[in-house]
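Let me begin by presenting the structure, written as structure tokens, before commenting on it.
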Amino acid sequence: MAEAADFQGTSPSPARRWLRRTGAVLAGTPLLAGFLQLPAGSPAEAATPAAPRAASDDGSVAVSVDSLTPGAPSEGDTVTVSGTVTNKGKKAVTDASVGLRVGSLLDTRSSIDTAAKNSGDVDSPAGAEIDDKYTEKFSKLTPGVSQPYTISVPADELDLGQDGVYDLSVTLTGETSDQPWEQTLGVRHTFLPWQPDELDAKTKTTFMWPLVSTVHMTAETGSDEEQTPVFHDDDLAAEISPGGRLDRMVALGKDLDVTWVIDPDLLASVEAMTTRYEIPGENTDDQDVVGGHQEVAKRWLTEVQKAVADKEVVALPFGDPDLASLAHHGTSVTGSLRHLKEATDVAARTVESILYVVPSTDYAWPVEGAVDPSIIKVATSAGADKVIVRGDTFEGGRDLTYTPTAPRPIGGGTTAVVADARLSTVFDGDMTRASAATQAVQRFLAQSLTLALQTDRPRSVVVAPQRTPSAAQAQTMAEAIGALQDSTWSQPQDLTTAAKSKPDPAAGTDVPPASAYPKSLRKQELPRSAFEQIARTQDKLDRFKVILSDQSRVVTPFGRALNRGMAVSWRGRPAEAAIYRSGVETYLDTLSSQVRLIEKSETKLSGRSATIPVTVQNNLVQGVEHLVLRLTSTNPTRLQIDGDAYEEQPVAVSGGHSQSVKFTTNANANGRATVVAQLYTQDGRPYGQPVTFDVKVTEITATVMLVIGGGVLLLVLAGFRMYTQRKRAAARQAEEREQDDAADEADADAADKGAKNPAVSETRPTGESAPRTREDAPEQPSDPAPDTAPESADPSGTGERVDR
């Protein structure tokens with residue numbers, strides 16, 4: 001076979017290339033003869049015979065390496081490679097064979113990078129194929145169909161030479177109907193580290209294992225005594241549930257020698273879930289939903305406590321603040337560095353109270369380890385004296401042929417702990433595919449061994465992976481760390497020991513200038529407006545807390561919320577970050593407005609002095625104190641408050657109550673005066689909105705009093721006169737009734753006599769006067785009005801006297 005002419009560590013032999021070219025010429029000879037008989041055509045037509053060539057550099061058959069065990073074999077081991085081959089072309093592949101080839105020794109770290117970049121290129125050197133008995137054959141590969149393969153080869157059969165990293169490739173050879181000769185149709189290059197003997201100077205490797213999440217808690221808490229926390233979503237429950245991202249991080253990390261790097265906010269959030277917590281409701285009643293993952297939270301915290309026992313724990317500042325954003329946009333905003341200091345101070349207490357371990361807070365970890373002088377200054381301002389940076393963004397040194405040890409003194413007592421860029425970024429990307437995960441593990445091991453073989457000097461290497469690895473990325477990282485810890489060239493080391501190791505005098509210690517900071521990272525930073533809003537909210541919190549009888553109920557949740565507002569996790573999510581910060585400020589405004597003055601309408605004052613009440617309402621669940629209520633007259637010449645332009649009185653109101661404060665006023669002149677009521681804190685800062693109302697002053701003088709007195713006297717005299725007249729009229733009426741009664745009796749007697757003596761005339765004697773009626777009597781002012789109008793022709797009512 002042509003492959004027999006190839007040798008390990010070289011490109012395909014001239015004999016093999018000659019056979020390929022000869023086959024192509026022979027296959028194309030009949031076509032060429034036909035073309036010679038045709039008239040000249042277009043260039044496109046002339047190029048048609050070349051179309052059946054491989055579709056791309058990756059070949060027409062995709063080859064994957066889904067598993068390679070052991071990742072770093074030793075003598076006596078059997079190397080097993082498994083994966084799939086998939087026909088991507090339109091023609092079936094026949095007489096297909098999958099085999100292993102050992103290529104050249106990759107003795108530099110850059111050569112490993114190049115090989116990884118061209119891992120599917122069929123034209124890349126692949127070395128000689130191992131014996132045919134270590135192949136797997138397929139009679140036919142149908143287009144679009146995948147076929148699995150597994151090849152096991154004793155390490156001794158690989159004929160590996162000196163120690164180092166070898167290019168191991170899986171190739172598929174076969175033929176198609178339009179190219180009926182054996183050819184390489186697909187390949188997948190990977191890496192095979194070979195270091196069977198223990199190195200005298202092993203590399204000491206530190207792997208940072210991050211427990212960091214996004215922001216989940218809000219500033220809002222319940223009004224109950226336990227202050228039930230409110231989460232803006234329940235995504236954290238999914239992360240810590242069995243199979244979730246954070247659950248996998250803990251389960252995998254507990255068996256590894258790693259340094260745990262933890263955001264205390266994550267621990268505090270999960271601890272808040274162990275009791276009752278709420279999530280904003282999405283139902284029709286808009287009621288909060290009670291979270292139901294208490295047992296999941298308790299289990300996860302217990303597992304974390306077990307995992308970190310006897311391990312090094314590094315606590316990031318609470319909420320994992322974005323140091324680069326703070327350095328570039330926040331330092332010019334007053335109070336921004338204060339939040340970083342508070343986040344650092346609370347970090348150790350939070351971790352220790354939950355995990356029962358004392359963490360280190362000496363480390364700062366900027367995004368992706370990218371720094372400039374301003375970031376270093378901010379990172380160390382809160383007490384950290386070690387900054388974790390990454391080699392691809394830090395000064396490399398003076399053309400070193402090896403990777404120097406991690407610690408670099410950069411002045412001012414600060415140490416830059418330089419993480420290796422290649423080892424730190426190899427797990428980026430999608431690791432859900434087995435082929436990608438296997439390639440990442442082998443590349444990690446290859447880079448680590450090549451680094452170890454660069455020099456016989458003992459060195460400390462730090463690996464700082466992505467902040468929030470996915471579950472698949474965590475699984476891949478764990479596989480790589482496990483293989484590395486079992487290797488012959490590396491040994492684990494914690495971060496503190498690595499930072500204290502002796503620096504390499506040849507390594508560079510210059511901090512990159514601001515102009516070298518990656519533009520891609522700068523675009524994702526929090527803007528200045530974010531820090532201005534945080535400062536504004538903090539100012540409101542400072543004014544609000546001084547009036548509270550129990551400040552901790554407000555200061556603690558809002559302080560932590562402000563830390564979360566500048567978290568690294570907001571990168572790439574500017575809209576969500578703005579909504580969160582606005583939500584914190586709005587909720588604080590809502591609480592502050594619960595202590596307010598009740599509006600007043602116009603008040604009328606009569607007299608030289610009067611009392612004006614002003615009501616303070618407290619709708620909070622706790623009492624407020626240390627408040628001063630000031631009542632000010634805008635026109636003190638007309639209206640004075642306690643003899644001056646204003647008066648102040650202290651105010652203390654129990655939770656859920658109101659209190660009226662009374663002020664004494666003095667009027668100097670009639671008219672309208674405007675009065676302003678305003679609450680102040682004891683340091684003289686206004687609190688809440690003022691209440692403005694008008695006071696209408698009506699001053700009563702001595703002359704007015706005399707006039708009023710005279711009027712009252714006249715009314716009394718008039719009343720007495722009316723009483724006297726009414727009494728006299730009543731007497732006259734009584735006399736008239738007696739006379740009428742006497743006349744009636746006389747008439748009755750006369751009638752009786754007439755009945756006995758008819759001669760007696762029925763008429764009265766001539767000259768006898770008729771009885772006087774009421775109408776004939778003199779009219780008195782007090783006489784009642786007649787029941788019937790005079791001269792009325794209507795019949796009189798029963799019992800009425802009617803004048804004719």
Side-chain angles (χ1 to χ4, degrees), residues 109-110 112-113 116 203-210 212 258-259 261 314 316 320-328 362-380 384-397 400 402-410 414-429 440 443-444 447-448 450-451 454 459-469 473 477 480-481 493 495 498-499 501 503-504 507-525 568-569 571-572:
R109 304 189 70 184
S110 58
I112 295 175
D113 295 337
T203 301
K204 298 175 182 179
T205 306
T206 300
F207 204 103
M208 295 167 54
W209 196 255
V212 180
V258 295
T259 293
V261 181
V314 171
L316 298 173
D320 191 18
D322 191 336
L323 301 178
S325 296
L326 184 58
H328 295 156
D362 298 337
Y363 296 89
W365 189 15
V367 175
E368 296 188 12
V371 295
D372 59 24
S374 65
I375 297 176
I376 295 293
K377 184 178 180 180
V378 166
T380 57
D385 58 1
K386 304 175 187 67
V387 182
I388 300 170
V389 301
R390 210 168 68 188
D392 56 348
T393 60
F394 198 80
E395 183 81 22
L400 297 180
Y402 61 92
T403 301
T405 195
R408 316 277 182 89
I410 56 177
T414 302
T415 300
V417 181
V418 182
D420 187 81
R422 289 184 171 95
L423 297 178
S424 298
T425 58
V426 71
F427 304 106
D428 293 348
R443 187 177 179 183
F444 178 84
Q447 288 286 357
S448 177
T450 305
L451 184 152
Q454 288 175 339
R459 285 167 296 167
S460 295
V461 175
V462 174
V463 181
Q466 57 271 41
R467 259 179 163 76
T468 55
Q473 289 171 337
M477 287 159 48
I481 296 171
Q493 180 178 250
L495 185 60
S501 61
D504 189 333
T509 58
D510 295 334
V511 177
S515 59
Y517 189 81
K519 294 181 180 179
S520 59
L521 294 181
R522 195 179 288 272
K523 291 180 180 179
Q524 297 180 344
E525 293 176 350
V568 168
S569 62
R571 282 185 173 243

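On a predicted model such as this, the values are computed, not experimentally measured, just so you know.
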Walk me through it: do E368 and T393 pass the test side chain to side chain donor-acceptor pair (under 3.5 Å)? CA-CA 9 Å; E368 296 188 12; T393 60; over 6 Å; no

List in chain and number order the residues that pass salt bridge (Lys or Arg N to Asp or Glu O under 4.0 Å) with R459, two or more places apart in sequence or in another chain; answer none if no residue qualifies. none

So which atom in A464 and which in S424 form the shortest heavy-atom distance, rounded to 0.1 Å? N-OG, 3.0 Å

Shortest non-hydrogen contact between A499 and T415, atoms and distance: O-CG2, 4.3 Å

Say whether, by atom type as modelled, one donor and one acceptor occur between the side chain of T405 and the main chain of P503 under 3.5 angstrom. no

About how many Å separate OG1 of T380 and CD1 of I375, when rounded to the nearest 0.5 Å? 11.5 Å

Side-chain contact, heavy-atom cut-off 4.5 Å: R571 with S325? yes

Is there a side-chain contact between I388 and M208, using heavy atoms and a 4.5 Å cut-off? yes

Which heavy-atom pair separates T425 from A421 by the least distance, and what is that distance? OG1-O, 2.8 Å

Going through the checks in order, is the side-chain contact (heavy atoms from CB on, under 4.5 Å) test met by D420 and T403? CA-CA 8 Å; D420 187 81; T403 301; 3.8 Å; yes

Classify the ring geometry of Y517 against H328: parallel below 30°, tilted from 30° to 60°, perpendicular beyond 60°. perpendicular

Residues T468 and Q473: closest non-hydrogen pair is O-OE1, 4.4 Å

Could you grab the distance from atom OG of S374 to atom CG of L326, nearest 0.5 Å is fine? 9.5 Å

Rounded to the nearest 0.5 Å, what's the gap from CD1 on I410 to CZ on F394? Could you check? 5.5 Å

D322 side, atom CG; E525 side, atom CD - distance, nearest 0.5 Å: 6.5 Å

Sequence neighbours excluded - salt bridge (charged side-chain N to carboxylate O under 4.0 Å, His left out) pairs with any residue from residues 511-520: none

Close side-chain approach of D320 and R467, heavy atoms under 4.5 Å: yes

If you round to the nearest 0.5 Å, how far is CD of Q447 from CG of L423? 6.5 Å

What's the shortest heavy-atom distance between P465 and W365, and which atoms? O-CZ2, 3.5 Å

In terms of heavy-atom contacts, does NZ of K204 have more than 12 from other residues, nucleotides or ligands at under 6.0 Å? no

If you look at every heavy atom in A379 and A364, which pair is closest and at what distance? CB-CB, 3.6 Å

Counting C-beta onward and ignoring hydrogens, is there a side-chain heavy-atom pair between V568 and V212 closer than 4.5 Å? no

Between atom OG1 of T259 and atom CH2 of W209, what is the distance when rounded to the nearest 0.5 Å? 12.0 Å

Just to verify, what does D113 make a salt bridge (Lys or Arg N to Asp or Glu O under 4.0 Å) with, not counting sequence neighbours? R422, R443

